[in-house]
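Remarks on the structure that follows.
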Number of protein chains: 2
Amino acid sequence: MRDNDLSLKTAATAGVSRYGQIAAELQARIVSGDWPPGEAIPAEGVLAKEFGIALGTIRQAIAVLVQHGLLERVQGKGTFVRKGLTGGSLMRFFRFGGADAVTAVPRSEILSCRSVRLDKAMAERFELPSGARGLAISRRRWLEDKPRLLESIWLPLPRCEALQQLPVAQWGDLLYPLLGSQCGITVHRAVDEVTFRTLAADEASLLELPDAHPCAVVTRRAFDLRGTCIEYRLTRGDAYAFRYTADIR
Amino acid sequence: MRDNDLSLKTAATAGVSRYGQIAAELQARIVSGDWPPGEAIPAEGVLAKEFGIALGTIRQAIAVLVQHGLLERVQGKGTFVRKGLTGGSLMRFFRFGGADAVTAVPRSEILSCRSVRLDKAMAERFELPSGARGLAISRRRWLEDKPRLLESIWLPLPRCEALQQLPVAQWGDLLYPLLGSQCGITVHRAVDEVTFRTLAADEASLLELPDAHPCAVVTRRAFDLRGTCIEYRLTRGDAYAFRYTADIR
DNA sequence: TAGTGGTCTAGACCACTTG
DNA sequence: AAGTGGTCTAGACCACTAC
């Protein structure tokens, strides 16, 4: 009942079901920032009353967003908007040194950071008009005093302007928290693609590896809460340190 | 009500909740073969009556097993026990030739198949006593008249005896359907681990690649419905044909 | 038309967390 | 003790699939 105004093409689970519509409405509030990451959303009973539906239905709507990784439920405490990815998750692909190295955050050394004109494919990825500008960042990452990874990062430029103002010395080692604090962007999902090739001469010297050494290449596209691509990243590392586990079904 | 005898340590979601217990009971029936793969299980209403619970509760129990990949629901038709993996899923890691090659099943050439004494680690994997025997299979897989993959496969031996009787000419190209029809084993889950190294001389010649060519190694452990490991497989292929996509959150 | 799963209601009580 | 999510009930009606 109650003709709640649910005008949404948020591309959530919006079937025609009531809980699907409400899930989309909740998602809209999260994306808009009404309910910021880390905060609790109103209790089930409150929401049920607001939407004029039964408890079971609002629970179903919430379950959808939990499934999508947007919400997190904690018994006795409440339902919380999930914080974005920390970015350290890239280390899942590599095993350098000892077991402690798995959780360690590699030190970041910014090699360069400049505004560039994006090529056609990159602009399309970022849903920007052809010829738009972006931020091109080159970064080297260290673990235990050894250079381990080489990263080329592209960011869409109107959105990430704030980064240009901030001295690279204040960037810290992780990009995603920076995107959150400086640009108000929450990285909610990332798609990684792994391939294999050999290192070019300049890459090899930066990683202190022999020329033409085999390397694993991880191509990452990261997305914000709305599902818009907000990062394109190319990471290169020693192929012999690569190790990845996939669970099928 | 109804002290249904739910004696189960099936390690399902068995919390103490009613639906958790029932989920475990349903799982037991699937594992035991009461409800074979591909078949429909009784309707919600029937099960609800049998267990003496409400419809919503049996639905919750079924949802658990759907989540675990054991059941599949189809509106208007029923709830079905999922068939096992087809095995072709290994090709997800490689892209040989054209786009059609993604779905194609590579031809299998059995290089050798013999009974061996399993080493300690392998016996433990299969939950067999130390010194137990197993089947060691060496296989080469072809795509479009080119050798593409090299596989070393170990199977636990009392369980897979039937394979020894069957002439390799009748094996066909896929192992998992064979395990199903010959040994009554359903492969329900697999864990793959990827690393990189270079090819040994004998491997390189079998794959018609230069000696010491870079290769991707996929180590697979496959599990049956009970969660017991029933295959250990080592697959080697050209590293330059490797490509894998991971979706984070 | 009959049977299936999908959605939804309006309650109840329990388990956990916090002040 | 108050507030939260977790479990469970006993119904209702709808949408899809078969025959």
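Here the structure is a predicted model, which is why all the values come from computation and not from measurement. By convention in this document, chain letters (A, B, ...) are assigned in the order of the sequence lines, proteins followed by strands, and residues within each chain are numbered from 1.
Atom CG in Leu47(A) sits roughly 14 Å away from atom C1' in dG3(D) (whole-Å rounding). If you take CZ of Phe80(B) and C1' of dA18(D), they are 11 Å apart, rounded to a whole angstrom. Note: CD1 (Ile53(A)) to C1' (dG11(C)) measures 15 Å, nearest angstrom. Counting to the nearest Å, the P atom of dT9(C) and the CD1 atom of Ile58(A) are 10 Å from each other. Atoms CG (Leu71(B)) and P (dG5(C)) sit 11 Å apart, rounded to a whole Å. Taking atom NZ of Lys49(A) as the reference point, atom P of dG11(C) lies 11 Å away to the nearest angstrom. Gln60(B) places its CD atom 16 Å from the P atom of dG5(C), with the value rounded to the nearest Å. Taking atom CZ of Phe51(A) as the reference point, atom C1' of dA10(C) lies 19 Å away to the nearest angstrom.
Dashed line: the shortest gap from a side-chain N or O of Ser17(A) to OP1 or OP2 of dG6(C) is not under 4.0 Å. Applying the 4.0 Å criterion to OP1 and OP2 of dT4(C), one finds that Arg73(B) has every side-chain N and O outside that range. Applying the 4.0 Å criterion to OP1 and OP2 of dT9(D), one finds that Thr57(B) has a side-chain N or O inside that range. The phosphate of dG6(C) (OP1 or OP2) has a side-chain N or O of Arg59(B) nearer than 4.0 angstrom. Distances shown here put a side-chain N or O of Thr79(A) below 4.0 Å from the OP1 or OP2 atom of dG5(D).
The listed nucleotides are dG5(C), dA10(D), dT7(D); the one nearest the side chain of Glu44(B) is dG5(C). With dT9(C), dT7(D), dG5(D) as the choices, the nucleotide that has an atom nearest any side-chain atom of Ala43(A) turns out to be dG5(D).
For Glu72(B), there are no salt bridge (charged side-chain N to carboxylate O under 4.0 Å, His left out) partners two or more places apart in sequence or in a different chain.
Side chain of Thr228(A) to backbone of Asp224(A): no donor-acceptor contact under 3.5 angstrom is found. Side-chain atoms of Trp171(B) come within 3.5 Å of backbone N or O of Leu166(B) as a donor-acceptor pair.
Salt-bridge check for Arg107(B) with Asp173(B): failed, with every basic side-chain N at 4.0 Å or more from each acidic carboxylate O.
Positionally, the nearest nucleotide of DNA chain C for Gly78(B) lies more toward the 5' end than for the other of Gly78(B) and Leu55(A).
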Point to revise | Stepwise side chain to side chain contact (heavy atoms under 4.5 Å, CB included) check, Val194(A) with Phe242(A) | key: CA-CA 10 Å; Val194(A) 181; Phe242(A) 182 89; 3.7 Å; yes
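Each salt bridge (charged side-chain N to carboxylate O under 4.0 Å, His left out) pair with one or both residues in residues 59-71 of chain B, not counting sequence neighbours, appears once here: Glu44(B)-Arg59(B).
Leu163(A) has its side chain within reach of Leu179(A): a pair of non-hydrogen atoms, C-beta onward, lies under 4.5 Å apart.
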Which atoms of nucleotides 15-19 of chain C (N or O only) lie under 3.5 Å from a protein N or O atom, and what are those distances?
{"unit_1": "dA15(C)", "atom_1": "N3", "unit_2": "Gln75(A)", "atom_2": "OE1", "d": "2.9"}
{"unit_1": "dC16(C)", "atom_1": "O4'", "unit_2": "Gln75(A)", "atom_2": "OE1", "d": "3.3"}
{"unit_1": "dT18(C)", "atom_1": "OP1", "unit_2": "Lys77(A)", "atom_2": "NZ", "d": "3.3"}

